[in-house]
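In what follows, a single structure is set out as structure tokens and then discussed.
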Amino acid sequence: MNSHLRRAIGTALAGSLGLMALAGCGEDSQSSGGADSKTVTLVSHDSFAVSKSVLKEFTDKTGYTVRTQTGGDAGSAVNQAILSKDHPQGDVFFGVDNTLLSRALDHGLFTPYRAKGLDKVPAALQLDADRHRVTPVDYGDICVNYDRKYFADKRLAPPRTFADLTKPAYKNLLVTENAATSSPGLGFLLGTAARYGDDGWKGYWKKLRANGVEVVDGWEQAYFDRFSGGGKGDKPLVVSYASSPPAGVADAKTKPAKAPTGVATGTCFRQVEFAGLLNGASNPKGGKALLDFLLSKRFQADVPLNMYVNPAREDVKLPELFTRYGVEIADPAILSPQKIAKNREPWVKAWSSLVL
Amino acid sequence: MAVPLAFFGIFFAYPVAAIVARGLRADGRWRIGRIPEVVGDPAVVDILWFTGWQAAVSTALTLLIALPGAYAFARFAFPGKGLLRAVVTVPFVLPTVVVGSAFLALLGRGGLLDELWGVRLDTSVWAILLAHVFFNYAVVVRTVGGLWAQLDPRQEEAARMLGASRLGAWRRVTLPALAPAVAAAALMVFLFTFTSFGVVQILGGPRYATLEVAIYRETAQLLDLPTAAVLTLVQFAAVGGVLALHAWTVRRRESALRLVDPARTARRPQGPAQWALLGSVLSVAALLIVTPLAVLVERSLHGPDGYGFTYYRALQSAADSGGTFFVAPLEAVGNSLRYAAVSTVIALVVGGLAAAALTRRAGRLVRGFDALLMLPLGTSAVTVGFGFLIALDEPPLDLRASWILVPLAQALVGVPFVVRTMLPVLRAVDHRLREAAAVLGASPLRVWREVDLPLVGRALAVAAGFAFAVSLGEFGATVFIARPDHPTLPVAVARFLGRAGELSYGQAMALSTILMLVCAASLVALERIRTDRSGEF
């Protein structure tokens, strides 16, 4: 009868037995996990990125090999770390930002360590300066982006501030993300709360709603499907990042004089990303070396082009792509992590019933 | 039965129980009081209502549109049939975020329909329903059509010879034989649409949420584990109810069928009525399934300087830049295929053994086990992912960093397909054949090998195809556990979509097109194996 099939079943059985034996050892020897003192494990979200050559330099210098373990977006990565804090997945966690910092600190996720090079980081970014449980690694701004061509064609000045967005000239032009499910969406809401106060922001959003703001679920849809500047949509205004314009031209073969999109500099909310040594790390020594490395000039200089955020160190030169197409946000909106932790859920709930 | 039981105990029941218990226990005491509190919340009631009715309507619509398709694929021979059958299965395995984009391009503002007739369906229930039909068409065509093709048409002809009308013969002979498969397909579609996540999130906009979306938000975003735990239990209860109903209908209608070689049951359509039927089936498939896929391909080819392979070439150059963020697309294809192959093997072994055990034995306990095997389909990926994280973190089962987690999670979703596809066929095998073999001195294993296996080979191939396909496209659980240096195709697509710039978007579309082609190629290959073999029995 059918020999194909019989062979297939045979292979299947043998394979499954082999699998059980294999479970635990990976495709390569590095992935076996466990408390190998030559390996240091970095836990992060799925947009963590670094050049391979930079990691290799770390290995050459310290003898530690970095293994990265990522899980989901920034929010779920932090929550995973909190859930697994009794048996941490690694030694260092990177990627908790100021909107989630209090949650992580309240759960006692980190062991204090003062990383080398912290004196080169502006005080404004050091949100745990007295205890050093976390180290600032990078920052970025969530801002409204505009499509240059649209506003040039219409001979209309692009909006610059939160207040501008409620003007009739910009009616039905803005698309933003759901504050409940998307981090730029939440950042934009927090930015308005910082500017208009704990209660004033609701009045602002009523005006924004009357002015025809559209809400979609995630950044991908907002930027690629609805925005006319970076995607295929017809809305010339979108809530994105201050680094989106340089990112948009990063891979262009012929570099334009100006990025096709611009940033409304008065609509920005600052996000700071931190790293910390996980409590119960199996390789705390390696973890500390890794934290030092994250603040080293070499790693910091690699940050902009890999993750499209700004390095935390002020003595690191930005790449030309950023200086030429990006903008420095002088006066971003900020909120303390404690205030965010306290208000985030009630605000998001209030926002949902107000806007959706 | 021991192997599947152990598998489900360790890799499903234990992790899920661990995460639910974490939510419902505080300070060492159980907080059962949370349950009525959460369920009574009007917002949760709204979500439940929406989840239920959209699933019911989606299922009805899918059956309505796909059953004629199942008939056409089973009974008609036409050129390109194998290819088309593979193509309609492709949507099933594409990441929803990509399909969402394609649908928005079709139905959204400035989309194809908008340009042609000024029709916009984005953020409407219609977009959700259509996308659900798009995704689940293949479930009906393959599950129902697979069995339909093996039903002996002569039985229906005999009934007509004895004086039954065409409809009467179909109703008395074919329908009862087909009913379990239809019920199985409807159940699967209902399960998928009941637990729909990406489709609802993207096409429904922020206003609509299914239970699954709510569980994701509470767990991954808000870390409100008590609420998530209660919602998970509610979803379990709902899914369990559906499964119980299904088990009941299937038991009532089971009968031994005479299965024949599908190659002999299909023939060229005869007469204008049959040609018209085939024509309309093909146009519906073209409109509903091929168009969105074509939009994807179009977008992947439409570069800044007109049509070309810019984005495909860019995939290669991105990999050369040396960052760990990007991997060569070929590498992601390789990862995906490897993971999917391992997961298919696991799913076939576990599912095959389970299906065999379920055929052999009867009784309440076994039926409960049947339902249990389906539960992973009705459980949110985030629950399973987080469950893995907190349950499988201590020796001897410290799998936190192991690559095997990915195929294991994928197999969890694949097993139900294997069981569901094989069970109706296994049960339809005439048990007298087995008895005869046993009387002649064959051991149980030999009976299974000589009697069951040849008869169910086709179902096994279909099951393998499904398991392989869902593993290729699985995103929800994979994203939690896939290692960044070994991303699967859907994970790599999601990474490109997470970056600004026309090029990243184009690369995402190009990679999606590759995923689509890989899926189609695997499925076409499977069709081939199938026809080769069907000549042997």
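All chains are named by letter (A, B, ...) in the order of the sequence lines, taking the proteins before the strands, and each is independently numbered beginning at 1. Not measured: the values here are computed from a predicted model.
- Of the two parts of N178(A), only the side chain, counted from C-beta on, holds a non-hydrogen atom closer than 4.5 Å to a non-hydrogen atom of chain B.
- You'll find the side chain of L83(A) reaches within 4.5 Å of the side chain of I19(B), heavy atoms only.
- One finds the OG atom of S76(A) at 5.5 Å from the CZ atom of F386(B) (value rounded to the nearest 0.5 Å).
- In terms of heavy-atom proximity, N79(A) sits nearest to A220(B) at ND2-O, 2.5 Å.
- Taking a cutoff of 4.0 Å between a charged side-chain nitrogen and a carboxylate oxygen, R217(B) and D217(A) qualify as a salt bridge.
- Only the backbone of T219(B) comes within contact range of chain A, with at least one heavy atom under 4.5 Å from a heavy atom of that chain.
- Using a 4.5 Å cut-off between heavy atoms, A180(A) touches chain B through its backbone atoms (N, CA, C, O) alone.
- Neither the backbone nor the side chain of F227(A) comes within less than 4.5 Å of any heavy atom of chain B.
- Expressed to the nearest 0.5 Å, how far CG of D86(A) lies from CD1 of I390(B) amounts to 9.5 Å.
- Heavy atoms closer than 4.5 Å to chain A are found in both the backbone and the side chain of L222(B).
- Neither the backbone nor the side chain of D302(A) has a heavy atom closer than 4.5 Å to any heavy atom of chain B.
- Looking at E345(A), the atoms closer than 4.5 Å to chain B (heavy atoms on both sides) all sit in the side chain, from C-beta outward.
- No more than 12 heavy atoms of other residues, nucleotides or ligands shown are found within 6.0 angstrom of NZ on K349(A).
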